[in-house]
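Below is one structure, written out as structure tokens; comments come after it.
Atoms within each ligand, like the ligands themselves, are counted from 1 in listed order. For this chain, numbers begin at 1 and follow the sequence in order.
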Amino acid sequence: MEDKITFIKDGIRLDGRRVDEARPIKVEVGVLARADGSCYLEMGNNKVIAAVYGPREVHPRHLQEVSRAIVRYRYNMASFSVEERRRPGPDRRSYELSKVSREALSPVILTSYFPRSVIDIFVEVLQADAGTRTAGINAASVALADAGIPMKSLISSCAAGKVDDQIVLDPMKEEDNFGQADMPIAMTPGGEITLLQMDGHMTVEESHRAMELAMKGCRDIYNMQRKVLIDRYSQMENATRQEEAVI
Ligand code: UDP
């Protein structure tokens, strides 16, 4: 018989976090010269990069919509991003993650400003440790803003899970793979939920607690996303002012 993993001991998780603590986050904006907008983001041991192109002409043409831009999202895991080498190319999981991530971001993108065009979002997972869809959505949201795409707001994403009958924030791989449940969400700063998925089992009370905790995670991430964008654009503004002063 397999030994049961103890995930939480004296209130502390396997990686030293408390149950309501998310992993450290690092966000860098404007990392790719050839993309219209880009972002590199780490959530614990997850490392993802998002690149946004557009609005631009749609190919193939028959996909274009007369009254709005279409949004495409491609989630891709590098073959070296996981413990056991992943076969390159799309699979069922990456199609699902691309679809739900696109749906998580689409409600805030003002697509009606750009009829007959496309906004392409590419997310590459360089290192995975559970929560790659949430990390990808967070990076994509910042990359969209960096590309100057008009949006109602940013989108922030985080998961809550259940391990050892306790609700925990931002599960890492062991907790996700061997725990009892995993519930990723995405939301606007105003609290509108744009993604809600769940694997495993929770009681109604537990799902309320998980939602509360995941929303707290999203709010913290939002503050971080907002700060890096403000820092980046105030730096650019200062640089432009200095250039103008020289001229
Ligand atoms: N994973 C893996 N190989 C795969 C797919 C997933 O090792 O082919 C790992 C990876 O660390 C991933 C985690 O399992 O982050 C959880 O995957 P899930 O499908 O729940 O998506 P995620 O939590 O990354 O959004």
Min N/O separation A130 to ligand 1 under 3.5 Å: yes

Counterpart residues, ring pair (Phe, Tyr, Trp, His ring centres under 6.0 Å), relative to F7 (two or more places apart): none

Atoms of ligand 1 close to N177 [distance to a heavy atom under 4.0 angstrom, numbered from 1]: 14 (O)

Identity and separation of the nearest protein heavy atom to atom 9 (C) of ligand 1: K173 CE, 3.9 Å

Basic-acidic side-chain contact under 4.0 Å: K4, D164: yes

Short side-chain to backbone donor-acceptor contact, S141 and N138, under 3.5 Å: no

Region of R133 engaging ligand 1 - heavy atom pairs below 4.0 Å: both

Sub-4.0 Å heavy-atom approach of R93 to ligand 1: yes

Pair E96 + R92: basic N to acidic O under 4.0 Å: no

Table please: side-chain donor-acceptor pairs of residues 27-43 below 3.5 Å, with sequence neighbours left out.
unit_1	atom_1	unit_2	atom_2	d
D36	OD2	G54	N	2.8
S38	OG	V31	N	2.8
S38	OG	L32	N	2.9
Y40	OH	E42	OE2	2.5

Identity and distance of the protein heavy atom lying nearest atom 3 (N) of ligand 1: V82 CG1, 3.6 Å

Under 3.5 Å donor-acceptor, T132 side chain and A128 backbone: no

Ligand 1 atoms in contact with A128 (distance to a heavy atom under 4.0 Å): 10 (C), 11 (O), 15 (O)

Close N or O approach (T132, ligand 1; < 3.5 Å): yes

Heteroatom proximity flag, G131 to ligand 1, N/O under 3.5 Å: yes

Carboxylate-amine/guanidinium proximity below 4.0 Å for R72 and D120: yes

